[in-house]
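Everything numeric in this text was worked out from a predicted model, so none of it was measured.
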Amino acid sequence: NSLKTSVKTEKGQEVVKLSTLPKRAKRTYLAMDTDKEVIGYVIPVFRASHDTVRELMDAQKEEATEEGINYVAMRNLFVREAREALDVKFRRKMNPDNLTHPPEFTVKPRGQTVWEGKTVKLHCTVAGWPRPKVAWYKNNVLIDVKAHPEKYTVESNYNMHSLEIKNCDFFDTAQYYISALNVKGEASSVATVVVKREEPGPLDPKPHGFCHEHGVTFETTIIDKFEVAFGREGETLSLGCTVIVYPTVKKYQPEVVWYRNSVPLKPSKWVHTHWSGERATLTLIHLNKEDEGLYTLRVNTKSGFDTYSAYVFVQDADVEVEGVPVAPLDVRCHDVNKDYVVVTWKQPAVEGSSSIQGYYIDRCEVGCHHWALCNDVPVKYARFPVTGLVEGRSYIFRVRAVNKAGISRPSRVSEAVVAMDPSDRARLRAPWTGMIKFTEEDPTVGVVPGEPTDVVVTEATKSYVVLAWKPPVQRGHEGVMYYIEKCISGTDTWQRVNTSAPVKSPRFALFDLAEGKSYSFRVRCCNSAGVSEPSVSTGEITVGDKLDLPSVPSIPVATRNTATSVVVFWKACKDVKHLVGYYIECSVVGTDVWMPCNNKPVKQTRFVCHGLTTGANYVFRVKAVNPAGYSQSSPNSDALVVLPAISVPGKSTGVTLLEAVKDYMVLGWSPPANNGGADIRGYFLDYRTVKGNAVGKWHELNHKALTTTSYKAENLKENVFYEFQVRAMNMAGVSKASLPSASLECKEWTLTVPGVPVGLHVLEIRDTSVVVLWETPTFDGRTPVNGYYLDFKEASAGEECWKAAHEKVNKMKYMKVTGLKSGTSYVFRVRAQNLAGVGKPSELVGPVLAKTLPGTKEIYVDVDDDGVISMIFEFPEMKPGSEFVWSKNYQAIDASRLTIVSEQGKSRAIFNSPSLEDLGTFSCVVTNTDGISSSFTLTEEGLKRLLEISHDHKFPVIPFKTEMAMELLEKGRVRFWTQVEKCTSACQVEYVFNDLIISHGQKYTMNFDKNTGIIEMFMDSLEVTDEGTYTFNLVDGKAKGTTSLVLIGEEFMELQKKSQFERAEWVRKQGPHFVEYLDFVVTSECDVLLKCKVRNYLCRFKFCKEGATQMKIGKKDNELTFNIGKLSKKDAGVYEVFLKDDRGRDKSTFNLTDAANSSSEIKVISTEHGIILYSTVTYYNEDLRVAWLHKEAKIAASERVKAGVTGEQLWLKINEPTEKDKGRYTMDIFDGKGSVKRFVDLIGQDRARVIGGLPDVVAIQEGKSLNLTGNVWGDPVPEVSWTKNDKLLVSDERYKLKFEQGKFASITIAAVTTTDSGKYALLVKNKYGTEAGEFTVSVYNPDDEESKLVHSRCPTQPGAK
């Protein structure tokens, strides 16, 4: 009794249409068993609501497609048959929906591999009724054929579908999906297309990678690369590279893609990517161990791609409780259904103080913050089925590990999943086809569903068993639910497991089964009509773990890689199932503390362990992981010291002839620049004969390795030409042969000059200097060698750019070259000299990069508490076999003079009895390195200073961390301060001014903080009587210390002015005052706006213009403004603002006069080309006429003298000035109404001068510190030097010489003695002149003065003379 309606087709025929609303009683949705007992509820699944069905069907009456017409016609056929049938059940069985079926691929698309530039076509055939609608995807992205008609063509004819891809290129390599959808379901298939590039042929007109679209070949370079990075959980880490794409094409940008372990990264809340057009940046927010892996930057252009990769390690965050495990990782959800999901995770690398007992799984609904525990008992298996979900709700999951010490922190949460039927999820993901199909909800209502099929056990562990089955074919649209039953082996009794309510998903997890027992399982379906017959039993299943732990990995093998990394290899575990990966651990030998090398398991059997300590001795072990747990750790690897891997040396260079006689030749060569990480053990020399263009075979000259870089090749034939090549050898093997030498004739030399020096090598490479060493020539010439000349040039410069490193002949076999440019490469050569002349230059040594090697330290001198003097050189990164080698003047040292003690990366050369015999250059070289070396030159003055320090160490002296200094404070207060390095609580300070002891009072305030060692003295202001010397005398038991500061002359006067100014400024700021003085801005309307900022403003103000009344001004917050408007000449004048109240007053002035009057005084600056005179105007216009005069005569423009205007600067340039250019210069500015003149006298005032600060005579007590500062003037900035008794002083520990700000030159002598008395001079020099500021220092001893005084008073005492 269903309701029938009629609908008209396109031809006007009226047909009968089945209604979606049957005429019968209201349906019940109760599920009942055979005894009519209510056992649950059945919720029918509708494709759409009744109202929606009616509206959509009415709207589509006039737009029925061919598919719709066929469908209606077929349904009408069944309606007619239904009318003839008398049985209602027969009509239901003949429902036309029984003939519909979901899409099915009868012919699937096949993957193809094509050459670049070709066309590929994918074909498939799809069956299904109603006819399915298809859509094509590329890597899960819908292909829009209309947007790219030149690229794609899609055809569909009689269930045959095709996708054509034209002109394939590299970026068309992808997985192509086809999705078919109708009202009964959805199906998909995938095919992979690989596009290969052909190798370019010799006749190809365009280069490989040529981009036809832009007509260029793009070249990609990646610089500023990120290194191996280490992060910690919870931190943020950024990786970046600079990408250069050449050539630059407007509006074209490359595609920048980031990968982790070869998987493309998509932006998310954890991953941020940025491409600025030049730099690619990847930012990892809140690091987790899931973020660990190999990160790759790939830059795709239309000519190809370039990549760069580096590993990122993520360390575990600190645990809250000692001994608990760290958090699990990589939580994922699988097999999601209506009320069921399987959660998996990976075990952490660190189990804690005891083995992990199991894991807790938590769930949380999306949008809530409440986490619910999914299991009451910890599960050891890293996979757990979660049941009891609510259909349609979204969930996230996390996992925590537990051991005896406690529970770990939770893992990173999983991706959110929705509890729903997988078929519904597939329909949600399917593309919109533009058609809506409806099915009847009624035909199977009231029919008991069939039994489930294919009931199997998918997972079985000690904790649970998971069943899976297929829904029955006959189930209708109202949906079915399931009951699960179990039977213990050996019985016939079936027990229902889920007695409380049926389950909705075709999956079910059974818990609380007895381990070791066998069970059988079966499933029943139910709906509102009743419960089905049971399915076929699964058969007996024994409860227990079906997955074994992994077997033990093999013994790992560790090999050297870099200074901080090691490569570890091992063999894969045998017969392991579901392998998750491997964890590698390392331990320093002797510690038994194991640290993880990776916090995310890796599946490959090779891993590079980074972040190790250079020089440390490590062992390694490996353990495997699968869902069942950890394997036992492998046996430990052999111990390995972390050092760079050793390789064979590079090629030797510069094989040259050093000497030739009738039957032998002496050959020399340069050692390889790269020794492969190990010392060169020797060389092998080969030769061959040359006759014209024909060359013979190579023969060995020596069978035993040579230890020198020269060799005498004997038993050669006279007047025969030979070629030679050299091979170097180290512990790793023999290098490749050097380039063959030039053809050399075995013919006796008759030269009178010496041969070429040999054995050139460099030491002590620094940013601006290098030491070159060599050996004497093997051929002296007519007379012995008496000296050498060293030449150098930049490596890239031509032969004409050779420079001599010195003028006079050098008799030593070494020389230090200074004045090099940092970061520049140089080559060096040496020429020998005898009485007959200078010989040919040696083979070049280099290129040598002038840059200090990383880790290089300088030799320093130490004097211990016992007064022992020693030189110390440190190099912590010592390799096995490396040692410190000391020399004096680059020759073996005399063991009687020095005692060498080396240990743990430090070598100490102790002077046995320091004397003048020890003067010279001491050097230390670390063997088996890239040239780590340093030197120290001990001079006579340096030795005296060291002996003084040695003496002082035998007698305690209070050391000062900072000598007495002075600084100006707020309110103009003056602070004198110093800081001692250490002192006891008994230390006392005596404050002295001009030999008078001063004490705490109204004028002076003292403070001594013995914890920090800071001594301070404050003065509120400086008076005229405060000029002189300030001294702090310290006494700490037997130790004494003195520091002084001299404030006299112009230095004192300048300080006094600054103090008064600071106090005046403080007073000014107590009342209303200007924060920003009066200035102007130009608004967007081209109005001139005067403005200023005030503070502490509680008063009246006055804003006026010179010669005018007070003007109306604006006020906003603390800013005062006055809008002049469009500027004209009538606005010229002086503008003033006055602030005044009871607390004080302040004034600001702005001079806005005409251009001529606004010009500044003429200033003079000196350049390398000459002198520039210039004046600046407030604003400049074209009406101004500027004339320059010299001695009242107008200056004519020439190549040497030029005048002009730049911006608002009027200038006169005088190139290469002479004495005639001195005199008065006049700048005459005429603006049409009047003129303004500015003058300057050019009398050489820019020459170097000492303009003050130095006294004529300084008398100072022995033991005190002397500090003098001279004021220097000159442009260019003068060169400054100090002399004592006409002997140049050098800054060292005794004399501290400073030149600051180009104006202040100071000399400090700590603890002066009578030997410091003498005539001193400050010499200043620039290209315009030289001047000396002379003064005399007199050091007196108070005891001697007192003795003289006693003798003068008592001349008649016995013994007096």
Side-chain angles (χ1 to χ4, degrees), residues 941 962-968 974 976 978 992-995 1022-1032 1042-1059 1244-1326 1328-1340:
E941 292 185 2
T962 304
E963 294 292 336
M964 183 188 290
M966 178 276 303
E967 61 180 341
L968 210 56
V974 181
F976 298 89
T978 186
V992 179
F993 170 61
N994 288 343
D995 297 332
L1022 285 178
E1023 307 295 339
V1024 178
T1025 56
D1026 295 325
E1027 182 177 5
T1029 302
Y1030 294 84
T1031 304
F1032 293 165
T1042 300
T1043 181
S1044 299
L1045 182 65
V1046 179
L1047 290 179
I1048 57 177
E1050 294 185 6
E1051 183 178 4
F1052 173 78
M1053 295 174 62
E1054 183 178 356
L1055 178 63
Q1056 185 182 18
K1057 290 180 181 178
K1058 289 182 179 179
S1059 174
Q1245 69 271 31
D1246 289 332
R1247 68 177 178 83
R1249 291 186 296 159
V1250 179
I1251 60 175
L1254 297 177
D1256 294 331
V1257 178
V1258 177
I1260 186 170
Q1261 181 179 330
E1262 185 179 17
K1264 295 188 176 183
S1265 296
L1266 175 64
N1267 186 351
L1268 295 177
T1269 301
N1271 299 332
V1272 177
W1273 175 259
D1275 193 358
V1277 176
E1279 300 176 0
V1280 173
S1281 59
W1282 294 83
T1283 63
K1284 174 188 175 184
N1285 298 329
D1286 298 328
K1287 188 175 181 180
L1288 189 66
L1289 294 178
V1290 179
S1291 182
D1292 55 15
E1293 295 182 359
R1294 179 65 176 165
Y1295 300 98
K1296 295 183 180 179
L1297 310 178
K1298 295 181 181 179
F1299 185 38
E1300 298 173 333
Q1301 303 177 13
K1303 297 180 180 180
F1304 308 105
S1306 63
I1307 179 173
T1308 302
I1309 307 175
V1312 297
T1313 63
T1314 54
T1315 59
D1316 294 318
S1317 298
K1319 184 178 180 181
Y1320 289 76
L1322 169 61
L1323 301 179
V1324 293
K1325 176 184 178 181
N1326 67 3
Y1328 297 120
T1330 303
E1331 185 172 301
E1334 300 180 347
F1335 59 96
T1336 302
V1337 174
S1338 176
V1339 181
Y1340 64 91

Does any N or O in the side chain of E1279 come within less than 3.5 Å of the main-chain N or O of K1325, such that one atom is a donor and the other an acceptor?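 No, the answer is negative, given that no donor and acceptor are paired below the 3.5 Å cut-off.
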Taking only residues two or more places apart in sequence or in another chain, which ones pass side-chain contact (heavy atoms from CB on, under 4.5 Å) with [X]?
| X | result |
| --- | --- |
| M1053 | none |
| K1058 | L968, E1054 |
| E1051 | L1047, T1269 |
| D1026 | K1003, Y1004, M1019, L1022, E1023, Y1030, F1052 |

Please find the pair of heavy atoms, one from [X] and one from [Y], that lie closest to each other, and give the distance.
| X | Y | answer |
| --- | --- | --- |
| L1268 | P1255 | CD2-CD, 4.2 Å |
| S1317 | V1339 | OG-N, 2.9 Å |
| V1024 | Q1056 | N-NE2, 3.7 Å |

What side-chain donor-acceptor pairs closer than 3.5 Å can you find for residues 1281-1290, not counting sequence neighbours?
from	atom 1	to	atom 2	distance (Å)
K1284	NZ	T1315	O	2.7
N1285	OD1	K1319	N	3.0

Would you compute the distance between atom [atom1] of [X] and atom [atom2] of [Y] and round it to the nearest 0.5 angstrom?
| X | Y | atom1 | atom2 | value |
| --- | --- | --- | --- | --- |
| T1043 | N1267 | OG1 | CG | 8.0 Å |
| Q1261 | Y1340 | CD | OH | 5.0 Å |
| L1045 | S1265 | CG | OG | 10.5 Å |
| M964 | T1308 | CE | OG1 | 12.0 Å |

Set of side chain to side chain donor-acceptor pair (under 3.5 Å) partners for S1044, sequence neighbours left out: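 Result, side chain to side chain donor-acceptor pair (under 3.5 Å) vs S1044: T1031.
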With sequence neighbours excluded, residues passing side chain to side chain donor-acceptor pair (under 3.5 Å) with T1042: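 N1033.
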How about F993 and T1029: do any of their side-chain heavy atoms sit closer than 4.5 Å?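 The answer is no; the side chains never approach within 4.5 Å.
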Is there side-chain contact between V1258 and V1046, with at least one heavy-atom pair below 4.5 Å?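 A side-chain contact is absent here, since even the closest heavy-atom pair is not under 4.5 Å.
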Suppose we screen for ring-ring contact (aromatic ring centres under 6.0 Å, His included). Which residues come up paired with F1335, at least two apart in sequence or across chains?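 Scan of F1335 (ring-ring contact (aromatic ring centres under 6.0 Å, His included), adjacent residues dropped) gives Y1320.
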Report the residues that fulfil salt bridge (Lys or Arg N to Asp or Glu O under 4.0 Å) with E963, sequence neighbours left out, ordered by chain and then residue number.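 If we apply the salt bridge (Lys or Arg N to Asp or Glu O under 4.0 Å) test to E963, skipping adjacent residues, there are no hits.
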Sorted by first residue and then second, give each salt bridge (Lys or Arg N to Asp or Glu O under 4.0 Å) pair with at least one member in residues 1263-1273; sequence neighbours left out.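 Pairs touching residues 1263-1273 that pass the test: D995-K1264.
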Return a table of donor-acceptor pairs under 3.5 angstrom between the side chains of residues 1294-1302 and protein atoms on other chains or two or more places apart.
from	atom 1	to	atom 2	distance (Å)
R1294	NH1	A1310	O	3.1
R1294	NH1	A1311	O	3.3
R1294	NH2	D1316	OD1	3.1
R1294	NH2	D1316	OD2	2.3
Y1295	OH	D1316	OD1	3.3

